[in-house]
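Data first, discussion second: the structure below is written as structure tokens.
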Number of protein chains: 2
Amino acid sequence: MQLHNTSQYAIRVLNFIANHSDDRLYSAKELSEILNIPYKFLTKIMGILVKTGFISSIQGREGGYELNTPASEIKLIDILNTFNDETDNESCVLGIGICDSVNKCALHDQWMEPKSLMRKMFEETTLNNLTCKDCKL
Amino acid sequence: MQLHNTSQYAIRVLNFIANHSDDRLYSAKELSEILNIPYKFLTKIMGILVKTGFISSIQGREGGYELNTPASEIKLIDILNTFNDETDNESCVLGIGICDSVNKCALHDQWMEPKSLMRKMFEETTLNNLTCKDCKL
DNA sequence: TTCAATTACTACTCAAAGGTAGAATTTAAA
DNA sequence: TTTAAATTCTACCTTTGAGTAGTAATTGAA
Ligand code: SF4
Ligand code: SF4
């Protein structure tokens with residue numbers, strides 16, 4: 001019951017960049033050191049974040065990454081979907097397939113409240129709701 | 001953000017056996033067909049459930065499985081822990097390691113409510129809270 | 001006693017996540 | 001113009017979850 005490492009990394013990177021977007025460009029090397037994420041794995045993830053349009057990259061010497069979309073428009077759920085961290089009904093708690101209020105699994109009644117709260121959180125939280133100056137990176 | 005298949009299967013099997021414990025013994029073959037779980041994978045899981053003491057097995061012809069612990073004493077969280085579906089703080093949403101109210105990650109404030117509800121649910125729900133006669137298996 | 005239905009055990013394959021290696025490309029500073 | 005610092009691309013390796021195969025051991029029924 002956990003997010004994928006890639007999702008966690010992506011959230012942390014995007015959050016950091018969003019919090020320092022006025023500043024300047026950050027390179028993969030810096031991000032890797034600041035956020036303590038394996039360099040080679042980070043660059044792989046950055047490539048995906050560029051392709052999906054969350055960030056844009058400046059190539060070459062003195063290059064780096066910067067936010068390409070306003071922080072207020074990047075929802076956590078969008079990041080999760082990018083890395084196959086599904087939160088939809090198809091892959092719900094007992095994974096039984098399509099289900100509704102009449103056709104439900106044994107856990108349904110207990111699960112719906114935590115699940116909907118979780119889903120609501122991922123859907124409504126954007127990067128700029130996350131701004132937290134003293135938080136761990 | 002999902003339970004492991006093994007956890008899902010284990011919950012469904014244990015729930016079924018708990019709901020039919022008065023009945024009779026159920027064999028792996030039957031369980032596999034009723035619950036639509038691959039036979040060979042199921043027997044592997046049953047072995048683990050026997051070792052951990054949730055169920056006991058009757059070997060040989062006419063054998064099968066039966067609950068070994070009262071349904072009221074089998075918490076979902078115990079099943080999850082058996083299959084490495086951690087819900088503890090070490091492996092929390094951003095996976096940053098030890099953290100408390102002063103030393104927290106950027107998602108902490110948003111995450112704690114859904115998380116604690118989820119955790120409470122897994123900790124307080126036992127197999128006999130789950131009894132649901134018309135539910136999908 | 002034989003035999004078929006059953007659990008238990010060991011070892012393997014497959015797929016996906018997590019991570020690494022190396023070289024190509026881009027670009028600004030020296 | 002050269003060079004070093006950067007992103008990008010392709011391919012690989014490792015680990016773990018998911019699932020399969022085959023066989024041994026057990027035991028009640030015929
Ligand atoms: S909890 Fe509800 S929505 Fe989720 S699998 Fe069970 S029945 Fe379906
Ligand atoms: S949400 Fe809170 S407990 Fe979980 S990783 Fe973040 S700081 Fe730690």
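Naming convention: chains lettered A, B, ... in sequence-line order (proteins, then strands); numbering from 1 in each chain.
B:N36 has its CG atom 16 Å from the P atom of D:dA18, to the nearest Å. Nucleotide D:dA29 holds its C1' atom 16 Å from the CG atom of B:L25, rounded to whole Å. Here the P atom of nucleotide C:dA16 and the NE2 atom of B:H4 are 15 Å apart, to the nearest Å. Across the protein-nucleic acid pair, A:K29 atom NZ and D:dA4 atom C1' stand 12 Å apart, rounded to whole Å. Distance CG (B:L80) to P (D:dG17): 14 Å, rounded to an integer number of Å. Counting to the nearest Å, the P atom of C:dA17 and the OH atom of A:Y9 are 15 Å from each other. A straight line from CG of A:D85 to C1' of C:dA16 spans 13 Å, rounded to a whole angstrom. The CD1-C1' distance, from B:I55 to C:dT7, rounds to 11 Å in whole Å.
Contacts between residues 44-52 of chain A and DNA chain C, defined by a heavy-atom separation under 4.0 Å, are made by A:K44.
Phosphate proximity of C:dG19 to A:N5: present, with a side-chain N or O under 4.0 Å from OP1 or OP2. Phosphate contact (OP1/OP2 of C:dG18, side-chain N/O of A:T6, threshold under 4.0 Å): present. Put simply, B:S57 has a side-chain N or O that comes within less than 4.0 Å of OP1 or OP2 on C:dA8. Taking 4.0 angstrom as the limit, A:Y26 places none of its side-chain polar atoms (N or O) nearer than this to OP1 or OP2 of D:dA6. Contact annotation: A:Y65 reaches the phosphate of D:dT8 (side-chain N/O to OP1 or OP2, under 4.0 Å). One finds no side-chain N or O of B:Y39 lying less than 4.0 angstrom from the OP1 or OP2 phosphate oxygen of D:dA21.
Contacts of A:T126 classified as side chain to side chain donor-acceptor pair (under 3.5 Å), with partners at least two apart in sequence or in another chain: A:N128, A:N129. Residues satisfying the salt bridge (charged side-chain N to carboxylate O under 4.0 Å, His left out) criterion with A:E30, sequence neighbours excluded, are A:R24. Residues passing the side-chain contact (heavy atoms from CB on, under 4.5 Å) test with A:D109 are A:K104, sequence neighbours excluded.
Nucleic acid contact for A:F83: none, since no nucleic acid atom lies under 4.0 Å from a heavy atom of the residue.
Residue pairs meeting the salt bridge (Lys or Arg N to Asp or Glu O under 4.0 Å) criterion with at least one partner in residues 5-17 of chain B, sequence neighbours excluded, do not occur; the list is empty. Among residues at least two apart or in separate chains, there is no salt bridge (Lys or Arg N to Asp or Glu O under 4.0 Å) pair with a member in residues 57-83 of chain A. Counting only residues at least two apart or on different chains, the ring-ring contact (aromatic ring centres under 6.0 Å, His included) pairs with a member in residues 11-38 of chain B are B:F16-B:H20, B:F16-B:Y26, B:H20-B:Y26.
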For nucleotides 23-30 of chain C, 5' to 3', base contacts (B), sugar-phosphate-only contacts (S) and non-contacts (-) with protein non-hydrogen atoms under 4.0 Å give B--BBB--
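Only one option out of B:D85, B:N84, B:T82 pairs with B:S7 in a side-chain hydrogen bond (donor to acceptor under 3.5 Å, both in side chains); it is B:D85. Across A:L25, A:L14, A:V13, A:I17, a single residue satisfies side-chain contact (heavy atoms from CB on, under 4.5 Å) together with A:Y65, and that is A:I17.
The CE atom of B:M112 sits 6.5 Å away from atom SG of B:C92, with the distance rounded to the nearest 0.5 Å.
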Enumerate donor-acceptor pairs with a distance under 3.5 Å from any side-chain N or O in residues 33-49 of chain A to protein atoms, sequence neighbours excluded.
from, atom 1, to, atom 2, distance (Å)
A:T43, OG1, A:K40, O, 2.9

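Mapped onto DNA chain C by nearest heavy atom, A:F41 and B:T43 fall at different nucleotides, with B:T43 at the one closer to the 5' end.
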